[in-house]
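Heavy-atom basis, side chains included; hydrogens, waters and symmetry copies ignored. Here the structure is a predicted model, which is why all the values come from computation and not from measurement. Letters A, B, ... are given to chains in the order of the sequence lines, protein chains preceding strands, and every chain is numbered from 1.
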Number of protein chains: 2
Amino acid sequence: MNTVTGAGVNHDTEFLASEVCQICPTRETALFANIKPKDLDEMHSPIKYMICEKGEKLYGMNEKAEYIYTLHDGVVKLEQSLPSGERRIVRLLRRGDLIGVEAVTAAEYQHDVIAMTKVNLCKIPAELVLKFSARSAELHANLMGKWQDALTTSDIWLTKFSTGNSRYRVVRLLIWLSENCHHEEFYMPGREDIGNMLSLTTETVSRTIAGLRRDGDLELLRADRARVDVAVLKKIVKESV
Amino acid sequence: MNTVTGAGVNHDTEFLASEVCQICPTRETALFANIKPKDLDEMHSPIKYMICEKGEKLYGMNEKAEYIYTLHDGVVKLEQSLPSGERRIVRLLRRGDLIGVEAVTAAEYQHDVIAMTKVNLCKIPAELVLKFSARSAELHANLMGKWQDALTTSDIWLTKFSTGNSRYRVVRLLIWLSENCHHEEFYMPGREDIGNMLSLTTETVSRTIAGLRRDGDLELLRADRARVDVAVLKKIVKESV
DNA sequence: CGCCAGCTTGACTACATTCAATTGTAGTGG
DNA sequence: CCACTACAATTGAATGTAGTCAAGCTGGCG
């Protein structure tokens, strides 16, 4: 665990995004997709592009929420902890997702957000988004679309990742991970993190994954990279292939 | 189980809401809170007030999403079913909540929505909301607030209702049910429904509840009404009282 | 009054957790 | 480059908790 306090963000890598927004790698899916270049200019960007290393904390629960982030590359986890000490990962975010949308409506962030890989993102003042969302119909629509996406994902996590036995849960997670990735091989989080997504212990996750490997349903490449045959996995959980 | 097909809604009780919106019982918390009366008039209300009996289905998953509903009284469940046949309740909605917000951004509803009690609601064309949300800053803000609420609730369901052993889950649900109710006694769903909220079987829920009753931590009044001492329950799950 | 659905209880089984020990792996510095 | 360290993953054995199957019970309603 990287011992980073506070925002723990590498500020050296920040720079104004005014020129880069136009060639944004996530232009299609990001918050500002379809926004007229004129509108974009008008915001004359206090937007900052930045990089966050694996293990770093972007922000913590109950911190004052002032910025929204668009995620260009990498994976972050949204975590909440219970008074009893247990931690639960409530969502993973990746390319194209928004981090901390609650900054628009709420005063405080609702999660601990931690980079699971090296992460590229843009930091946008929430105020800016709020102001422009009232003016730009496109931005307004995009924003609602993002809320909707988050909620749909939440529902999936409830139905697919919190229901059924350990085998089903792990398999459903693997399907989701591989389908949300464009390559053959996909990012596979550590066993403890997987456990915190599925409400299982590391040991149970480890055993289940070992079982899938024995059956030839999962191939581990590196520590955090794997490959699966989605069709086979879907048969296991009886989903239509 | 009420054998209702399709929308299964009691259309006899619908009527134009143009006159009633002004005296709406849920005015404070509802979607149109803070909206200028002038704006409200302009919409000259194709909004319909209606009543839905216990057990009736408001709409089903994958149905075309054309209406948003504001819930004035009663409780509805949002359910999803897995290909394996299991059902999972992903949220309960009650007074002040919006049903089917996805109608604004998505083409199809994402859940089966079923009345758990007798329910009063207003049926609003999604198109209307979309159109006005672009124009009225207040409505726009309200709408985002509702998205936010739904997401916060989802997170709670993941962290509190899907983590820990059966006792913890049931107790946390009881706390939530009683805190979200203004009376001493609160609505308590059937054992099967509770099971589908917590990913537990009816038997386990029944046993757990029986245990709480034996310990004097829960008092059953009628079949679907109960009373608890929240402070005591919070001690059980180690939450700050 | 009797029926039925929902709730409860019991006995047994299956499964995940716990605790503990071991192996594997990535990163560090000599 | 290798040895060493720290941490992550794996495996085993014992325990505990929830699931399953089956049988009664209860209360509301025709």
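- Taking 4.0 angstrom as the limit, Arg207(B) places none of its side-chain polar atoms (N or O) nearer than this to OP1 or OP2 of dT17(D).
- A straight line from CG of Leu220(A) to P of dA8(D) spans 17 Å, rounded to a whole angstrom.
- If you check every strand for non-hydrogen atoms under 4.0 Å, Arg222(B) touches nothing.
- If you run side-chain contact (heavy atoms from CB on, under 4.5 Å) between Val119(B) and each of Asp73(B), Ile51(B), Leu71(B), Ile114(B), only Leu71(B) comes through.
- Atom CD1 in Ile209(A) sits roughly 9 Å away from atom P in dA9(D) (whole-Å rounding).
- At the heavy-atom level, Thr204(A) lies under 4.0 Å from base atoms of the strands shown.
- With no hydrogens or angles considered, no side-chain donor-acceptor pair links Ser81(B) and Arg88(B) at under 3.5 Å.
- The nucleotide whose nearest atom lies closest to any side-chain atom of Asn165(B) is, among dC15(C), dA18(D), dT11(D), dA18(D).
- Between Asp215(A) and Arg167(A) there is a salt bridge, since at least one side-chain N of the basic residue sits less than 4.0 Å from a carboxylate O of the acidic one.
- Glu185(A) CD: more than 12 foreign heavy atoms inside a 6.0 Å radius.
- Using a 4.0 Å cut-off, some side-chain N or O of Thr201(B) falls inside it from OP1 or OP2 of dG19(D).
- In this structure, a donor-acceptor pair under 3.5 Å is present between the side chains of Lys238(B) and Tyr168(B).
- When heavy atoms are screened at a 4.0 angstrom cut-off, Arg169(B) is found touching no nucleic acid atom at all.
- One interatomic measurement links the two molecules: NZ of Lys54(A) to C1' of dG27(C), which rounds to 12 Å at whole-angstrom precision.
- Nearest to the side-chain atoms of Ala223(A) among the listed nucleotides dT9(C), dA26(C), dT10(D) stands dA26(C).
- Rounded to an integer number of Å, the gap from Asp224(A) CG to dC7(D) P is 18 Å.
- Tyr59(A) and Tyr109(A) have parallel rings, their planes meeting at less than 30° on a 0 to 90° scale where 60° marks the start of perpendicular.
- Remark: P of dA9(D) and CZ of Arg213(A) are 11 Å apart, rounded to the nearest angstrom.
- Rounded to a whole Å, the CE atom of Met188(A) is 14 Å from the P atom of dT25(C).
- Between Tyr49(B) and His72(B), the ring planes are parallel. Angles under 30° get that label, and only those over 60° would be called perpendicular.
- Across the protein-nucleic acid pair, Arg191(B) atom CZ and dT9(C) atom P stand 11 Å apart, rounded to whole Å.
- The side chain of Leu200(B) lies closest to dG19(D), out of dT17(C), dA22(D), dG19(D).
- Using a 4.0 Å cut-off between charged side-chain N and carboxylate O, Lys234(B) and Glu179(B) make a salt bridge.
- Looking at heavy-atom distances under 4.0 Å, Ser166(A) makes contact with sugar-phosphate atoms alone, never a base.
- Overall, the helix from dT8(C)-dA23(D) to dG30(C)-dC1(D) carries an axis bend of 50° between its ends, with five pairs at each end and the value rounded to 10°.
- At a threshold of 4.0 angstrom between heavy atoms, the contacts of Thr208(B) with the nucleic acid are absent.
- For Leu198(B) and dA18(D), the CG to P distance is 12 Å, given to the nearest whole Å.
- For Glu203(A), taking side-chain heavy atoms from C-beta onward, the closest of the listed nucleotides dT9(C), dT10(D), dC19(C) is dC19(C).
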